[in-house]
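Predicted model only: the values in this text are computed from it and were never measured. We count ligands from 1, going down the list as the structure has it; atoms in each ligand are counted the same way.
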Amino acid sequence: MQLARLLHAQGFGTRRECEGLVLAGHVRIAGRTCDDPFEEVAPAGLVLTVRGADWPVHEKALILLHKPAGCECSQKPRHHPSVLSLLPAPLRTRGVQPVGRLDEDTTGLLLLTDDGALIHRWTSPKQHLPKVYEVTTKHPVDDAQLAKLRGGVVLDDDPAPVRAAACEATGTYTLRLTLTEGRYHQVKRMVAATGNRVEALHRSGFGALRLPADLAAGQWRWLSGPEAVAGVPG
Ligand code: URA
């Protein structure tokens, strides 16, 4: 693929802007400055250096973000910055989107991708992809609440009960809840339906992925491919 075309596909601007980047000497491959925008390069496994920063080429972007509190997953955020503002500009230009949504005050594991088919598959209710939430509650967690969460609680928008795929107390005021659906404010509403209240919410797992302990809030990393969400067909 021609270098400028590859840069364009990776989100570095219009074809013309990408040609300009190369002509201005801002693009290197393996330490060599490239000066021909039409040079043929093999994208697989390639690491470009653009304006001094390394950029591993991925045909489709799959990003794991440790979402901090105080940012919105919406494309048109209303009260807080978008999670997309935490990513470098080329990823935004490529149209990377969150896979599902976390509330503004929820922290933890959020996947983002520019692969529309993956977003569709991983947000589909049919997929039953497990999501693990660490919940801090206002009142002590008791056995009756856990039994209700496991057995099913009725939310205000649907008479059919929703149940946790798994649920355990992890402390006096904390519990771990696994859901295989993704309804609006589902954890908060389920916990409220047991007579308790969510004070803090953190997602620690998505599919077979766990939030890496060394990834601080606000930081992100590339995932190598859909198979990284192991247990989910690519
Ligand atoms: N359930 C909620 O209530 N909020 C989230 O952010 C995610 C799941």
Taking the side chain from [X] and the backbone from [Y], do they hold a donor-acceptor pair closer than 3.5 Å?
{"X": "Lys67", "Y": "Asp103", "value": "yes"}
{"X": "Asn196", "Y": "Val191", "value": "no"}
{"X": "Arg203", "Y": "Leu109", "value": "yes"}

For this session: If the plane angle is over 60° it's perpendicular, under 30° parallel, otherwise tilted; pick one for Trp55 and Trp222.
Result: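 Correct class here is perpendicular.
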For this session: Flag the pair Leu86 / Trp220 as yes when at least one side-chain heavy-atom distance between them is below 4.5 Å, and no otherwise.
Result: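 Not touching, per the 4.5 Å side-chain cut-off.
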Exercise. Any idea which residues sit under 4.0 Å from ligand 1, heavy-atom distances?
Worked result: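 Leu102, Asp103, Thr106, Tyr133, His185, Gln186, Val187, Lys188, Leu201.
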Problem set entry | Pairing of Asp115 and Arg121 as salt bridge, 4.0 angstrom limit |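 Salt bridge between Asp115 and Arg121, a charged N being under 4.0 Å from a carboxylate O: no.
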